[in-house]
K.L.:
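Would you mind keeping the following structure in view while I ask a few things?
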Number of protein chains: 2
Amino acid sequence: MSTAPVTIRDVAKAAQVSVATVSRVFNRPNLVTAALRARVQDAADRLGYLADGAARALASRRSRAIGAIVPTLDNPVFAACIDALQQRLDEHGFALLIASAGYDAARETREVRVLLERGVDGLMLVGADHPSAVWALIERRRPAVPVVVTWSGEASRSTVACIGFDNRAAARRLVDHLLQLGHRRIAMIAGPTTGNDRAMARVAGVREALSAVGIALAPPYLTERPYTVPDGHAAALVLLSLPEPPTAIVCGNDHLALGALAGVRSLGLSVPHDVSVCGFDDLDFAAYASPPLTTVRVPAAEMGRRAADCLAAAAGRTEPPATALLEAPVMLRGSTGPPPGHRATARAPAATVTRPPRRRGTLRRAGGGPTEGPSAPR
Amino acid sequence: MSTAPVTIRDVAKAAQVSVATVSRVFNRPNLVTAALRARVQDAADRLGYLADGAARALASRRSRAIGAIVPTLDNPVFAACIDALQQRLDEHGFALLIASAGYDAARETREVRVLLERGVDGLMLVGADHPSAVWALIERRRPAVPVVVTWSGEASRSTVACIGFDNRAAARRLVDHLLQLGHRRIAMIAGPTTGNDRAMARVAGVREALSAVGIALAPPYLTERPYTVPDGHAAALVLLSLPEPPTAIVCGNDHLALGALAGVRSLGLSVPHDVSVCGFDDLDFAAYASPPLTTVRVPAAEMGRRAADCLAAAAGRTEPPATALLEAPVMLRGSTGPPPGHRATARAPAATVTRPPRRRGTLRRAGGGPTEGPSAPR
DNA sequence: GCGGCGTTTGAAAGCGTTTACACAGACTGC
DNA sequence: GCAGTCTGTGTAAACGCTTTCAAACGCCGC
């Protein structure tokens, strides 16, 4: 085994053709006659030739790599998106460079810079709100990079595509459901809203639904917490110790909701008998919480796949890629029910449930457990 | 805004120096006098210069990128590892290329090839068992790439480093705990073992602990299922319908365990009163399952960080990176208890628990809920 | 048989960096 | 003052590939 790497020149020599031909065999095989193609392939296999990506990228002026920046991979909802993104990109022949920004604007800017320097042919971002430095970097970049914004209903710039869902509408539907069950004292544990249009939209949706029936949403019923289970727990305890505690708690995501669930129960209260709780994301485990969590199903994997298709198509070309608005249905489960003292509504135990009213086709009754839970990842 | 990208030559011209000096300013600043350095920096900023990663990699013969291949990102335990890996690599100035292989040998081989072609300076793999084609690719590669194997106790090759934990020992401790509670009819729902040394080691650990007290582990008490919640559910139903159903079920990971939990309860049985269940991974939600899941805490993030340090250090050099064996403690929670009909042991309800015996410092009593649950991700 | 055309191949010019290597000064020690 | 060191900077040759351009080679119809 020689110590020098095998280059395209070695292959050319072994196959007795020019380097140009070898290059063509790998990049545009149909330009080469079958006989030569076989000879070159054979030589390449024999020598164990591996093309040098850097040289290839330098010469062709495209890296066939896509960059993605998520707030964190430590939330399964983002991991699911990235997993799907990577798989689909792979099918298109693109590699994936990934970075996490930890909900930190400066860090995100740095990561964008790093990815652009690495010559990515496209960029996937989460959410529409990004520091202006991020946009400046992207716009300055030659050749232009296609950008896809996910998780949000609409892009803040016309130059980028958007593959997301309507956070506001989803939150609204969630609260409509609670209102319909008879709740009036509805509190929200929101995620941090600064620089986070998704968190903001969810608050806006809750507020909108409430104000439609003449209820205002304000502290202490509205509280903002980091997206962690313990924070959800702590926030729930505060809410339930108010003089007029809420009968329902809407959470900014499933982590907060899981914490809230635990918080409620730690006070000896029952969910949903004493307090209803709902979340946002529909993590795999939401359906297996106890009680199973009513939440909004975020189309994470689908966004990843679409973003991949979109970026692969747009890479190289200059037109901005296409946009899509996906469904984010409310999954009705056992963690929401009528408020205490409310005369029983049409809701029966999950096992024998009568179909609840469908609202715009996006309210779903979901089994709380194994029979209908989402198939879990491996 | 010009249409041609800004190159190092433009910066050199603007700063009235040679391109070599510009390059030095960015790569070995201490070789350049402060005055020039400032002038170059200034020119670069003014022009919005972004270095071309491909050219850089080609000339310097190192990409400053690391590749990682995991079975899937859709399991939070791998996502957590990758998240930590990326963050730490970032600190070292490396980018991360990621790929998932979906427990498929051919796909893994392809991904390794892709990553090597992209010129990664190092590779992180999960597990020690990989198709020989993978090793062939890696060994043929010039210059040599450092490889770190995670999740396993020892590497199958001396040329690669290993940063993992002892799956077998952890599984053994889990079963020792069950034996000590008085269980004798202990079943296992394992993950798919072919080509998966971790899954195999876990089975081996369970078998070892059992055979130490004269119990054999064999079908139907040993069953192999894909790592999904529904599979855990289905497998549990089968086990509990046996003429002699087990009093405890050990699962290959937390997904299977969560499914088993649901399966047990769907039969109207109680966990842990009628059946004990335990898992492996300690996902964030394990502590919030109901009852909270006894499981093995896998040091996913720590493996990611160590792998990053290790690879960053080894990149370029030829010596294989260092090896580490991490702790994987058993987290005792509410899903395990004495078998039915067994006279009460020293175990009291979680709240007033007397410390269980510590075995080699790796059996931990963990709070079932919020007070001690792991801080959840954002 | 020859101009014209389409197809296949080769020669060579980059792609934007890094990095020997050479070289010019500014110091040293004598 | 002058050989010998350092330091800091510039020159130019890679790095391994893609791609343009032109040449070579049929093949057709006249």
Side-chain angles (χ1 to χ4, degrees), chain A residues 2-40 43-44 47-65 93 116-119 121 141-143 316, chain B residues 2-40 43-44 47-65 93 116-119 121 141-143 316:
Chain A
S2 98
T3 179
V6 176
T7 74
I8 198 175
R9 219 180 307 268
D10 301 321
V11 177
K13 200 167 300 171
Q16 314 204 58
V17 297
S18 71
V19 295
T21 299
V22 178
S23 171
R24 277 190 282 257
V25 166
F26 291 114
N27 298 313
R28 348 242 303 249
N30 52 325
L31 291 187
V32 178
T33 52
L36 264 199
R37 216 185 305 155
R39 217 163 82 208
V40 170
L47 297 177
Y49 171 64
L50 281 186
D52 179 322
R56 211 197 259 257
L58 178 58
S60 68
R61 325 185 59 53
R62 45 179 44 239
S63 63
R64 299 208 66 101
L116 290 179
E117 285 203 337
R118 301 221 166 237
D121 290 341
R141 173 40 140 62
R142 290 303 107 107
Chain B
S2 99
T3 178
V6 176
T7 74
I8 199 176
R9 222 180 303 269
D10 301 320
V11 176
K13 199 167 299 172
Q16 313 204 58
V17 297
S18 72
V19 295
T21 299
V22 177
S23 171
R24 277 190 282 257
V25 166
F26 292 114
N27 298 312
R28 345 236 310 240
N30 51 325
L31 291 187
V32 179
T33 51
L36 263 199
R37 217 185 304 154
R39 215 163 83 206
V40 169
L47 296 177
Y49 171 65
L50 281 186
D52 179 323
R56 210 194 258 256
L58 178 58
S60 67
R61 324 189 57 52
R62 45 179 47 236
S63 63
R64 299 210 66 104
L116 290 179
E117 285 204 336
R118 302 225 165 233
D121 290 341
R141 174 36 141 62
R142 290 301 107 108

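Protein chains get the first letters and strands the later ones, always in sequence-line order, with residue 1 at the start of each.
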K.L.:
Quickly work out the A:Leu31 CG to C:dG10 C1' distance and round it to whole Å.
P.N.:
14 Å
K.L.:
Checking side-chain contact (heavy atoms from CB on, under 4.5 Å) against A:Leu36, which of A:Val25, A:Val22, A:Val17 comes through?
P.N.:
A:Val17
K.L.:
Just distance, no hydrogens or angles: give the donor-acceptor pairs under 3.5 Å from side chains in residues 5-13 of chain B, sequence neighbours left out.
P.N.:
| unit_1 | atom_1 | unit_2 | atom_2 | d |
| --- | --- | --- | --- | --- |
| B:Thr7 | OG1 | B:Arg9 | N | 3.1 |
| B:Asp10 | OD2 | B:Thr7 | N | 2.8 |

K.L.:
Can you sort out the partners of A:Ser23 under side-chain hydrogen bond (donor to acceptor under 3.5 Å, both in side chains), two or more places apart, ordered by chain and number?
P.N.:
A:Asn27
K.L.:
Quickly work out the A:Leu36 CG to C:dG10 C1' distance and round it to whole Å.
P.N.:
12 Å
K.L.:
To the nearest 0.5 Å, tell me how far B:Glu117 CD sits from A:Arg56 CZ.
P.N.:
6.0 Å
K.L.:
Whether the side chain of B:Arg141 engages the backbone of B:Pro143 through a donor-acceptor N/O pair (distance < 3.5 Å, no angle test) should be reported.
P.N.:
yes
K.L.:
Angle, rounded to 10°, between the helical axes spanning five pairs at each terminus of the helix from C:dG1-D:dC30 to C:dC30-D:dG1?
P.N.:
40°
K.L.:
Donor-acceptor check, side chain of A:Arg37 to backbone of A:Pro29, threshold 3.5 angstrom: yes or no?
P.N.:
yes
K.L.:
Can you check nucleotides 26-28 of chain C for protein contacts, nitrogen or oxygen pairs under 3.5 Å, and list what you find?
P.N.:
none

K.L.:
Checking B:Arg118 side chain against A:Ser63 main chain: does a donor-acceptor pair fall under 3.5 Å?
P.N.:
yes
K.L.:
Generate the contact string for nucleotides 16-23 of chain D. Rules: B means base contact, S means sugar-phosphate contact only, - means no protein heavy atom under 4.0 Å.
P.N.:
BBBBB---
K.L.:
Just the rounded figure in Å: distance from P of C:dT9 to CZ of A:Arg39.
P.N.:
9 Å
K.L.:
Work out which heavy atom in B:Asp121 is nearest to a heavy atom in B:Arg64; give both atom names and the distance.
P.N.:
OD2-N, 2.6 Å
K.L.:
Please enumerate all residues that pass side-chain contact (heavy atoms from CB on, under 4.5 Å) together with A:Ser18, with sequence neighbours excluded.
P.N.:
A:Ala20, A:Thr21
K.L.:
Ignoring hydrogens and geometry, is there a side-chain-to-backbone donor-acceptor pair from B:Arg39 to B:Gln16 under 3.5 Å?
P.N.:
yes
K.L.:
Below the 4.0 Å mark, does D:dT9 have OP1 or OP2 next to a side-chain nitrogen or oxygen of B:Thr33?
P.N.:
yes
